[in-house]
Amino acid sequence: MSQTIRAIRGMNDCFAPDIHAWQQLEAILVRATKRYAFDEIRFPIVESTALFKRSVGEATDIVEKEMYTFEDKNGEFLTLRPEGTAVCVRACIEHGLIHNQIQKLWYMGPMFRHERPQKGRYRQFYQLGVEYFGAESWDTDVEVIALFQHILNQLGLDSFTTLEINTLGAPPERKAHRDALVTYFEHHHDKLDEDSKRRLYRNPLRILDSKNKEMKELLEDAPKIQDYMGQESLNRFEAVLKALSGLGIAYQVNPQLVRGLDYYSHTVFEWSTDRLGAQSAVCGGGRYDGLVEQLGGKKTPAVGFAMGLERLLELKQEVAPFSEGTLELFIVSDEALRQEALKLAQELRELKPSAAVETYCGEASIKAQLKRANKKLAQTALFLTTDAWAKGQVMFKDLATGEQKEASFKEWQQHWQKNRDAL
Ligand code: AMP
């Protein structure tokens, strides 16, 4: 017997009933992006490896350890996208979408990182990201933060998440802080763990991200970016915080929040939850005014975020699950009425376009048909039996309560039409 082939570790299949929750989540997300007037952009899953090396940064975990990179038949190095921002910027430059104009974009789809799989951390996972190009002012930061906050509200998750926010300042301030960090950590070299020693010269900011409890005190006493920041950057951050308060958005300033990637400046932010265990971050983002130029475009300010759909959905299902039943009607019929059942299902779908209607195909007893209706969590079963049908009668049963009624077919049709939803 040949060996069964299984999915790659950390990459998931998704099917009913979970897929119903995914679809409901995605519908809410898409509606939210529309309400905030962002347009969708779709781009490839595979890109040149150089794109991520130049944007995400050579010394980040993603580029150092996590990319799915391969050489294709032409000898070109390609990578399955580990994130969307760099790809979005590449596409915008290539198509002249952000030259001297404001562009508000969103994308949704799979990302790939070769991390150690565990609950909430996968090797293929889904993100929805938004990017706001062409405006430097503090209110764009607030607008994108408000969008994700709106999503949390729509999902009923606002009280289960915390928004942390920080500023990394302008690039020269960031550089001065970086130099101070290197000097500080050089002085305390013996207290650094192996990961931090490796990062010392390549990406010292990332040391601040360390979750190692033994380094907690060392990190708390490390130079703070705020001490290297000019008045302009401080004022900008103040304006962001004030506007968030004005919109009723709660936040915590966390001076240690740096985000892992190289391209951020000024505002960075992250939402996390204490309901999901170790993988607690549900959405993160920030301002990246230098990235477009770094990738060969004209200098263009930008701010954006990406949320992890698996984690958002896990949180939702934990605290306020989506409804499961999406099948409104299941038609059960005697064998002699199979043609009528097909026709009726078609008519009922026309009459109520938003409803899902299934009719049993094939030979099976009424009992077996009903079993499937229950398995599919149908709300109502409609019975077409030969005797009743001959008299223009049907029987229908509410599968949740077990209540059963008989009615003329005309009455039933009117009832169905009356409950018709708007598309
Ligand atoms: P990042 O691009 O790392 O800031 O990720 C943005 C969001 O994507 C995070 O807040 C997570 O919700 C989600 N995410 C990142 N990496 C993974 C992963 N390996 N598995 C599942 N979700 C992830």
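In this text, all values refer to a predicted model and were calculated from it rather than measured experimentally. Hydrogens, waters and symmetry mates are skipped; everything else that's a heavy atom, side chains included, is used. Start at 1 and go down the list; that is how both ligands and their atoms are numbered.
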Check your understanding: Taking the six-membered ring of Phe322, is NZ or CZ of Lys316 closer than 6.0 Å to its centre and within 45° of its axis?
Key -> yes
Point to revise | Flag for Glu66-Tyr68: side-chain donor and acceptor within less than 3.5 Å | key: no
Check your understanding: From Ile145 CD1 over to Thr267 OG1, what is the distance, rounded to the nearest 0.5 angstrom?
Key -> 6.5 Å
Check your understanding: Is the NZ or CZ atom of Lys104 positioned over Phe38's six-membered ring, under 6.0 angstrom from the centre and within 45° of the axis?
Key -> yes
**Study point:** Atom-level proximity to ligand 1, residues with heavy atom under 4.0 Å
**Key:** Arg113, Glu115, Gly120, Arg121, Tyr122, Phe125, Gln127, Arg259, Ala281, Val282, Cys283, Ala306, Gly308, Arg311
Study note, to complete from the structure: Which of Lys352, Arg349, Lys376 passes salt bridge (charged side-chain N to carboxylate O under 4.0 Å, His left out) with Glu328? Answer is Lys352
Review point. Is Gln346 atom CD crowded by more than 12 heavy atoms from other residues, nucleotides or ligands, each under 6.0 Å away?
Key: no
